[in-house]
Amino acid sequence: MKFKQVLLTALVSALTTIALVWAFSNYSKQNFTYAGQQPGVVPTNYKYAGFADGAMPPGAVDFTQAAQSSVPAVVHIKTKTNARQVTNSLPRTQNPFSDLLDDDMFNQLFGSRGNRNMIPEQRASGSGVIISDDGFIVTNNHVVQSADEIDVTLS
């Protein structure tokens, strides 16, 4: 009896899915546009400002000059956060076999879970941009937050 109910439920679900896909494909023939775009029209923010009529230049747009002028301002940032000991007020769990086995012997047989009170050394990297002549760098906070060592590499 249960198998028939499961089979009937699966069959009804499959038929409903097929019907919905068919209905959507037949009744939604309209062309969807995003953010007010019209089909075949280049958005204003993509138009090339160098031409009087605002049309796109023939062929691909060349970003070589823009890249050459901006690459010297981009930096690579590597950070290192040293290992830290943390403490908490949670009670330590008691080894259930401490009456039978010595703790050292238990750890040798089954392995310890490591030092739970240590956060290991962490390394990370990110990017930044030099925004002033005196070398002021802007980057995301998570790149440098609580870092013990920061290494900045220029292009």
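One is the number of the first residue; the rest follow in order along the sequence.
- Residue pairs satisfying the salt bridge (charged side-chain N to carboxylate O under 4.0 Å, His left out) criterion with at least one member in residues 136-150, sequence neighbours excluded, are listed as follows: K80-E149, R84-D148.
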Could you give me the CA-CA distance, side-chain angles and deciding distance for T79 and D151, then say whether side-chain contact (heavy atoms from CB on, under 4.5 Å) is met? CA-CA 6 Å; T79 61; D151 182 34; over 6 Å; no

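- Cluster note: I131 groups with V129, F136, V138 through ILVMFWY side-chain heavy atoms spaced under 4.5 Å, whether in direct contact or through intervening members.
- Applying the side-chain hydrogen bond (donor to acceptor under 3.5 Å, both in side chains) definition to pairs two or more places apart or across chains, those involving residues 121-131 are E121-R123.
- Counting only residues at least two apart or on different chains, no side-chain hydrogen bond (donor to acceptor under 3.5 Å, both in side chains) pair has a member in residues 2-14.
- Annotation: D134, atom CG; neighbour count of heavy atoms from other residues, nucleotides and ligands within 6.0 Å is above 12.
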Determine all donor-acceptor pairs shorter than 3.5 Å in which one atom belongs to a side chain in residues 63-77; sequence neighbours excluded.
| from | atom 1 | to | atom 2 | distance (Å) |
| --- | --- | --- | --- | --- |
| T64 | OG1 | D62 | OD1 | 2.5 |
| S69 | OG | Q65 | O | 3.3 |
| S69 | OG | A66 | O | 3.0 |
| S70 | OG | A66 | O | 3.0 |
| S70 | OG | A67 | O | 3.4 |

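- In terms of the side-chain contact (heavy atoms from CB on, under 4.5 Å) criterion, residue partners of V12 (sequence neighbours excluded) are, by chain and number, L8, T16.
- Atom CG of N82 is separated from atom OG of S146 by 10.5 Å, given to the nearest 0.5 angstrom.
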